Enquirer: 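Right, I'll just put the structure down here and ask away after.
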Amino acid sequence: MKRYMLTLVAVAAVLFSSGCSFTDNRNNYLKPSDFAIALHKAGIKIEQVNPLSPIPLNATEALELKIAGSGIGVYKFDRTVRANRERLERIKKSKKIYFNCIPFPIYEVHGSFIVVGLDKNREKHRILEVLRNFK
């Protein structure tokens, strides 16, 4: 029993010191296409889906969704990579991301995901609600 408790304490210490948290990683296994499905299930009409290069934002995966006549970018960052966790924390604090030296507002970082282009979208509030519940 004593050995079990020591092992449990050691595992907890490793998790806390690694900077990972279960709440931040809870949607790391999902993909941008899963977010599109969640939007559809929430009754948000997706007019068009296009592949998007994740490279300009150093993301892992990306997808462009046309909703309410306006395109949004859904970017996923792999939180198991330390550099991605740190980048997402910086984005969370500054509420913006730079693309070709142009700042774009980010309303929310949720787990491994950010959505770009919401400022011009009429469905912004509904999309953010789906993002906040995306896990």
Side-chain angles (χ1 to χ4, degrees):
M1 181 68 167
K2 193 174 192 179
R3 185 176 185 160
Y4 173 76
M5 292 300 288
L6 286 174
T7 303
L8 187 61
V9 169
V11 169
V14 168
L15 288 175
F16 284 116
S17 68
S18 70
C20 296
S21 77
F22 294 114
T23 58
D24 286 344
N25 288 335
R26 68 177 170 230
N27 66 5
N28 197 55
Y29 70 97
L30 296 168
K31 298 177 177 283
S33 57
D34 295 319
F35 184 68
I37 292 167
L39 290 170
H40 177 73
K41 286 181 179 178
I44 298 172
K45 183 180 178 202
I46 299 173
E47 300 161 7
Q48 191 173 357
V49 178
N50 295 316
L52 193 60
S53 175
I55 295 170
L57 298 184
N58 293 322
T60 308
E61 299 177 63
L63 201 59
E64 180 187 21
L65 305 174
K66 187 174 180 185
I67 299 172
S70 177
I72 63 169
V74 180
Y75 291 86
K76 180 208 175 172
F77 296 81
D78 183 1
R79 276 196 169 268
T80 61
V81 177
R82 181 179 177 189
N84 287 341
R85 285 193 310 270
E86 291 171 354
R87 182 178 177 103
L88 285 170
E89 288 304 314
R90 284 192 305 271
I91 294 168
K92 195 178 213 177
K93 287 178 185 172
S94 70
K95 298 287 188 187
K96 59 186 158 194
I97 194 164
Y98 290 88
F99 179 72
N100 289 337
C101 299
I102 300 170
F104 286 89
I106 302 297
Y107 293 93
E108 189 161 331
V109 174
H110 183 71
S112 300
F113 289 84
I114 63 169
V115 180
V116 178
L118 283 177
D119 51 323
K120 299 175 186 175
N121 197 294
R122 292 189 319 256
E123 295 285 345
K124 170 175 61 177
H125 298 291
R126 291 181 65 202
I127 294 168
L128 281 172
E129 184 179 325
V130 171
L131 179 64
R132 289 176 184 134
N133 295 307
F134 185 58
K135 51 187 171 197

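Since the model is a prediction, treat every value here as computed from it, not as a measurement. Residues: numbered from 1 along the sequence shown.
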Enquirer: Would a single hydrophobic cluster contain both Leu63 and Leu128, if residues Ile, Leu, Val, Met, Phe, Trp and Tyr are joined by side-chain heavy-atom contacts under 4.5 Å?
Expert: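 Same hydrophobic cluster.
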
Enquirer: Please report the shortest heavy-atom distance between Gly111 and Leu88, naming the atom on each side.
Expert: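 For Gly111 versus Leu88, the nearest heavy atoms are O-CD1, 3.7 Å.
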
Enquirer: Donor-acceptor check, side chain of Lys76 to backbone of Ala59, threshold 3.5 angstrom: yes or no?
Expert: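 Here the side-chain-to-backbone pair does not exist.
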
Enquirer: Tell me if a side-chain donor or acceptor on Asn27 pairs with a main-chain N or O of His110 at a distance below 3.5 Å.
Expert: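 Yes, the answer is positive, given that a donor and an acceptor are paired below the 3.5 Å cut-off.
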
Enquirer: Does one hydrophobic cluster hold both Phe99 and Phe77, with members joined at side-chain heavy-atom distances below 4.5 Å?
Expert: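 As far as the 4.5 Å side-chain criterion goes, Phe77 and Phe99 are connected within one cluster.
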
Enquirer: Show me the side-chain donor-acceptor pairs of residues 43-52 shorter than 3.5 Å, one per line, residues at least two apart or across chains.
Expert:
from: Glu47; atom 1: OE1; to: Gly69; atom 2: N; distance (Å): 3.2
from: Glu47; atom 1: OE2; to: Ala68; atom 2: N; distance (Å): 3.2
from: Glu47; atom 1: OE2; to: Gly69; atom 2: N; distance (Å): 3.2
from: Asn50; atom 1: ND2; to: Glu64; atom 2: OE1; distance (Å): 3.4

Enquirer: Of all the heavy-atom pairs spanning Phe134 and Phe35, show the shortest one and how long it is.
Expert: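 The answer is CZ-N, 3.4 Å.
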
Enquirer: Can you check whether Glu86 reaches Arg90 side chain to side chain, under 4.5 Å on heavy atoms?
Expert: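 Glu86 reaches Arg90 side chain to side chain.
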
Enquirer: Counting N and O atoms only, with roles assigned by atom type, does the side chain of Asn84 sit under 3.5 Å from a partner on the main chain of Thr80, one being a donor and the other an acceptor?
Expert: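 Pair absent, no side-chain N/O of Asn84 close to backbone of Thr80.
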
Enquirer: What is the distance from atom OH of Tyr29 to atom NZ of Lys135, rounded to the nearest 0.5 Å?
Expert: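 Going from OH on Tyr29 over to NZ on Lys135, the span is 10.0 Å.
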
Enquirer: Please name all residues satisfying side-chain contact (heavy atoms from CB on, under 4.5 Å) with Lys31, sequence neighbours left out, ordered by chain then number.
Expert: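 Residues passing side-chain contact (heavy atoms from CB on, under 4.5 Å) with Lys31: Ser33, Asp34, Glu61.
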
Enquirer: Considering all heavy atoms of both residues, which atom of Gly117 and which atom of Ser70 are nearest to each other, and what is their separation?
Expert: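 Heavy atoms only, the tightest pair is O-OG, 4.4 Å.
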
Enquirer: Any chance CD of Glu108 has more than 12 other-residue heavy atoms, nucleotides or ligands included, within less than 6.0 Å?
Expert: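 Enclosed.
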
Enquirer: Out of Ile106, Val109, Ile114, which one pairs with Lys92 under the side-chain contact (heavy atoms from CB on, under 4.5 Å) rule?
Expert: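 Result: among Ile106, Val109, Ile114, Val109 is the only option passing the side-chain contact (heavy atoms from CB on, under 4.5 Å) with Lys92.
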
Enquirer: Find the distance between OG1 (Thr60) and CD1 (Ile55) and round it off to the nearest 0.5 Å.
Expert: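 CD1 of Ile55 is found 11.5 Å from OG1 of Thr60.
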
Enquirer: Working to the nearest 0.5 Å, report the span between OH of Tyr98 and CG of Leu57.
Expert: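 Those atoms lie 13.0 Å apart.
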
Enquirer: Taking side-chain contact (heavy atoms from CB on, under 4.5 Å) as the criterion, tell me which of Leu131, Leu118, Ile127 meets it with Tyr107.
Expert: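 For Tyr107, the side-chain contact (heavy atoms from CB on, under 4.5 Å) test succeeds with only one of Leu131, Leu118, Ile127, which is Leu118.
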
Enquirer: Provide the closest heavy-atom pair for Pro32 versus Phe113 in the form atom of the first, atom of the second, distance.
Expert: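 Smallest interatomic distance, heavy atoms only, reads N-CE2, 3.8 Å.
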
Enquirer: Drop me the distance from Asn121's CG to Arg126's CZ, to the nearest 0.5 angstrom.
Expert: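 With rounding to 0.5 Å, CG (Asn121) is 10.5 Å from CZ (Arg126).
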
Enquirer: Could you tell me which non-hydrogen atom of Ser112 sits nearest to which non-hydrogen atom of Asn28, and how far apart they are?
Expert: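 Scanning both residues, the minimum pair turns out to be OG-OD1, 2.6 Å.
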
Enquirer: Under a single-linkage definition using a 4.5 Å side-chain heavy-atom cutoff for Ile, Leu, Val, Met, Phe, Trp and Tyr, are Val115 and Val130 assigned to the same hydrophobic cluster?
Expert: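 Per the 4.5 Å side-chain linkage, Val115 and Val130 are co-clustered.
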
Enquirer: Quick one: do Phe104 and Tyr75 end up in the same hydrophobic cluster if we chain Ile, Leu, Val, Met, Phe, Trp and Tyr together by side-chain heavy atoms under 4.5 Å apart?
Expert: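 Hydrophobic grouping puts Phe104 with Tyr75.
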
